[in-house]
Number of protein chains: 2
Amino acid sequence: MKKGRVTIKDIARELNIAPSTVSRALNDHPAIKKETKDAVKALAEALDYQPNLLALNLLQKKSNTIGVIVPEITGHFFSAIITGIQDVIVDSEYNIMICLSNESYEEELTIVKRLSKIQIDGVLVAPSSETKNFDHFRRLQKSGIPVVVFDRDCPGLEADKVLVDDYFGAFQAVDYLIGTGCKNIAHLGGPLNLSTTEQRLQGYLDALEKNEIPLKKDHIVHVPGFSHKDAVKATKRLLELPERPDAIFAYNDKIAISAMHIAKKAGLQIPEEVSVIGFDDEPHSSFITPSLSTVWQPVYGMGMLSARILLSHLKNQNTALDFRKEVFKPELVIRASSREK
Amino acid sequence: MKKGRVTIKDIARELNIAPSTVSRALNDHPAIKKETKDAVKALAEALDYQPNLLALNLLQKKSNTIGVIVPEITGHFFSAIITGIQDVIVDSEYNIMICLSNESYEEELTIVKRLSKIQIDGVLVAPSSETKNFDHFRRLQKSGIPVVVFDRDCPGLEADKVLVDDYFGAFQAVDYLIGTGCKNIAHLGGPLNLSTTEQRLQGYLDALEKNEIPLKKDHIVHVPGFSHKDAVKATKRLLELPERPDAIFAYNDKIAISAMHIAKKAGLQIPEEVSVIGFDDEPHSSFITPSLSTVWQPVYGMGMLSARILLSHLKNQNTALDFRKEVFKPELVIRASSREK
DNA sequence: TTGTAGGCGTTATCAG
DNA sequence: CTGATAACGCCTACAA
């Protein structure tokens with residue numbers, strides 16, 4: 001009785017052949033007699049032989065694992081993206097290691113170092129909201145590890161990117177609000193420094209300009225973090241303005257919902273007195289009262305595409321510099337928190 | 001110029017010493033002269049030497065990775081648990097591999113096989129709602145891999161368990177409803193076969209019995225899956241009953257919110273005509289209208305404790321059979337979807 | 001205090 | 001068609 005798992009050596013000894021023959025038989029090497037191949041496979045089956053992937057990893061100098069770095073997973077957005085990634089990767093030989101940066105640049109750095117240590121084969125990343133410097137990703141690329149950026153762009157970083165046309169979504173939303181007669185549209189922006197924040201703000205600005213609505217600077221308030229408290233504070237500031245906004249375009253549903261909560265508490269009718277439009281179309285956004293108008297993003301599809309792009313690099317040893325940039329179109333979803341046109 | 005990363009051999013050659021000496025120096029072996037130790041460490045630093053964990057894995061026959069199996073992550077519940085797990089594990093030498101079973105027994109089996117193949121060191125698992133047979137977990141245990149079960153119990157499986165007293169939470173909720181004058185309390189149960197479904201149902205039943213309220217069998221409807229559609233269908237069945245319920249205790253917030261949605265659509269006042277209490281206390285449950293009464297669970301803490309228990313096993317090589325069973329107490333959170341006492 | 005040799009499990013290369 | 005050997009990078013007896 002041998003201890004531990006069976007190895008090809010065990011099978012070889014049993015069959016009085018060389019380990020290398022066993023290895024070839026198991027791998028369907030063309031130059032192996034059918035008989036021996038069958039014999040080996042039969043015994044392997046009988047002994048419940050499991051190849052030792054750890055040994056393979058060492059030999060091939062790769063971990064057969066890809067890393068996924070996201071800021072958090074408690075919201076629906078990144079969870080859905082990850083589900084999309086997962087659904088693609090499970091059909092490959094790769095394993096996924098999900099890492100949470102908690103929106104912290106420091107933690108993101110630590111994660112990258114860790115992934116690099118375990119010889120990760122590829123990385124999918126949505127950078128933290130603090131991340132301004134992308135050298136850690138460049139270091140990965142230099143050591144031959146393909147990096148695919150999703151959702152949040154890394155300006156200046158040459159890599160594959162799977163993004164959403166946030167500008168377009170924001171423009172549509174604000175343009176719609178204007179179409180319903182809103183004149184004083186405020187923007188609850190996301191954390192500064194995020195590409196998505198930037199893009200959505202720009203969409204807001206351009207929609208105003210296109211409709212010749214003068215911009216009021218104090219109608220733009222950036223929510224520093226993703227907590228309810230931050231959103232509440234920002235909303236209160238808006239509602240206490242002398243010229244109270246008659247509409248709010250929020251960076252995302254979470255903030256929009258907090259804003260609606262505060263507005264309702266202040267006795268304001270939604271959408272009669274204040275219209276609200278969010279971004280993301282989280283599943284529960286249609287269940288709140290009034291149901292939230294928002295901008296839908298193809299989260300699941302983004303996850304799948306990101307994973308597919310990474311896999312193709314991994315397969316083709318594609319060191320080529322032909323980075324892909326895929327931009328999904330979001331869609332405006334009108335519900336009850338905004339007025340009719 | 002050598003290609004690839006630096007190894008201890010490179011350092012050894014450079015310093016004209018044996019690789020084993022380098023290894024020992026790097027690991028602070030006591031029997032190494034301070035001078036050589038310093039020299040080695042200095043050169044290692046200079047050359048940016050990174051130990052090859054893949055080689056270590058093979059040597060130690062372990063992957064330094066623990067697997068986390070959950071049914072899904074798009075809801076808040078498991079995401080929050082995972083965040084708790086992650087926050088504990090990052091401080092250890094282990095990596096986490098998160099795997100989604102999609103509530104499927106088949107996929108769970110596949111995952112377990114995969115984890116076993118990559119020589120996972122330990123497993124944290126919340127079984128799928130389809131899983132009735134736990135032999136795959138037993139197989140892991142037999143091969144020396146500690147298994148910690150969380151949230152959903154595996155009856156009959158001897159393993160560490162981190163659970164919530166679902167019975168207690170359900171009992172409290174229903175008892176409260178009765179205290180507010182509800183006489184016809186229905187239960188929207190979870191998928192059959194889940195320990196949590198079972199426990200919450202039992203709490204419901206016992207609360208009725210304690211208050212001497214006769215049970216009406218058709219007031220119990222089990223929602224087969226976790227989709228909105230399933231919940232809607234189940235709710236409609238309840239509301240069309242000749243003796244319409246004046247309260248609904250739902251398996252979780254998701255179902256409760258769907259139910260409220262339907263009830264409101266049907267023109268029913270909540271909580272005046274129908275009280276609703278959910279389970280889980282998802283973050284957005286306080287933002288819907290009316291805000292949802294529910295049962296809070298210490299999700300983050302459960303994640304942390306589960307991870308700590310697993311780590312302690314890993315550290316102590318604890319093959320011992322002293323399995324821990326930790327049961328957290330949930331807390332009733334009363335909001336606006338239920339009446340005052 | 002340090003060097004040598006062997007092995008972890010697998011595959012690839014080169015013989016035979 | 002198959003066998004022996006070396007190698008992946010590191011560690012750990014055993015020797016010196």
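Numbers restart at 1 for each chain; the letters A, B, ... are given by sequence-line order, proteins then strands. What you are looking at is a predicted structure, and each value in this text was computed from that prediction instead of being measured.
As judged by a 4.0 angstrom heavy-atom cut-off over every strand, P51(B) is placed among residues touching the sugar-phosphate backbone only.
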Self-check item: Candidate pair S128(B) and E103(B), rule side-chain hydrogen bond (donor to acceptor under 3.5 Å, both in side chains), full reasoning
Solution: CA-CA 4 Å; S128(B) 92; E103(B) 299 280 10; 5.1 Å; no

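Under a 4.0 Å N-O distance rule, the pair D160(B)/R308(B) does not qualify as a salt bridge. A salt bridge links D135(A) to R138(A): one of the charged nitrogens lies within less than 4.0 Å of a carboxylate oxygen. Using a 4.0 Å cut-off between a side-chain N of Lys or Arg and a carboxylate O of Asp or Glu, K113(A) and E107(A) do not qualify as a salt bridge. Between K161(B) and D151(B), no side-chain nitrogen of the basic residue sits less than 4.0 Å from a carboxylate oxygen of the acidic one, so the salt-bridge criterion is not met.
Of the residues in residues 54-63 of chain A, those with a non-hydrogen atom less than 4.0 angstrom from any atom of DNA chain C are A55(A), L56(A), L59(A). Within residues 22-37 of chain B, the residues approaching DNA chain D are S23(B), R24(B), N27(B), by heavy-atom distance under 4.0 Å.
Spacing between atom CD1 of I118(B) and atom P of dG9(C) amounts to 17 Å, rounded to whole angstrom units. For the pair I17(B) CD1 and dC10(D) P, the computed distance is 14 Å after rounding to whole Å. In this structure, CZ of R5(B) is placed 10 Å from C1' of dG9(D), rounded to the nearest angstrom. Protein atom CZ of R13(A) is 16 Å distant from nucleotide atom C1' of dG3(D), rounded to whole Å. Per the geometry, CG belonging to N52(A) stands 18 Å off P belonging to dC8(D), to the nearest Å.
Here dT11(C) is the nucleotide among dC10(D), dA4(D), dT11(C) with the atom lying nearest to any side-chain atom of I8(A). Comparing dT2(C), dT10(C), dG3(D) against the side chain of K9(A) picks out dT10(C) as the nearest.
Residue L54(B) is tested with N57(B), L58(B), L56(B) for a side-chain contact (heavy atoms from CB on, under 4.5 Å); the sole match is N57(B).
Here the side chain of S63(A) pairs a donor or acceptor atom with the backbone of Q119(A) at under 3.5 angstrom.
Between L310(A) and I66(A) there is a side-chain heavy-atom pair separated by less than 4.5 Å.
In terms of polar N and O atoms assigned as donor or acceptor, the side chain of S20(B) comes within less than 3.5 Å of the base of dT4(C) in a complementary pairing.
D10(A) approaches R5(A) most closely through the heavy-atom pair OD2-O, 3.9 Å.
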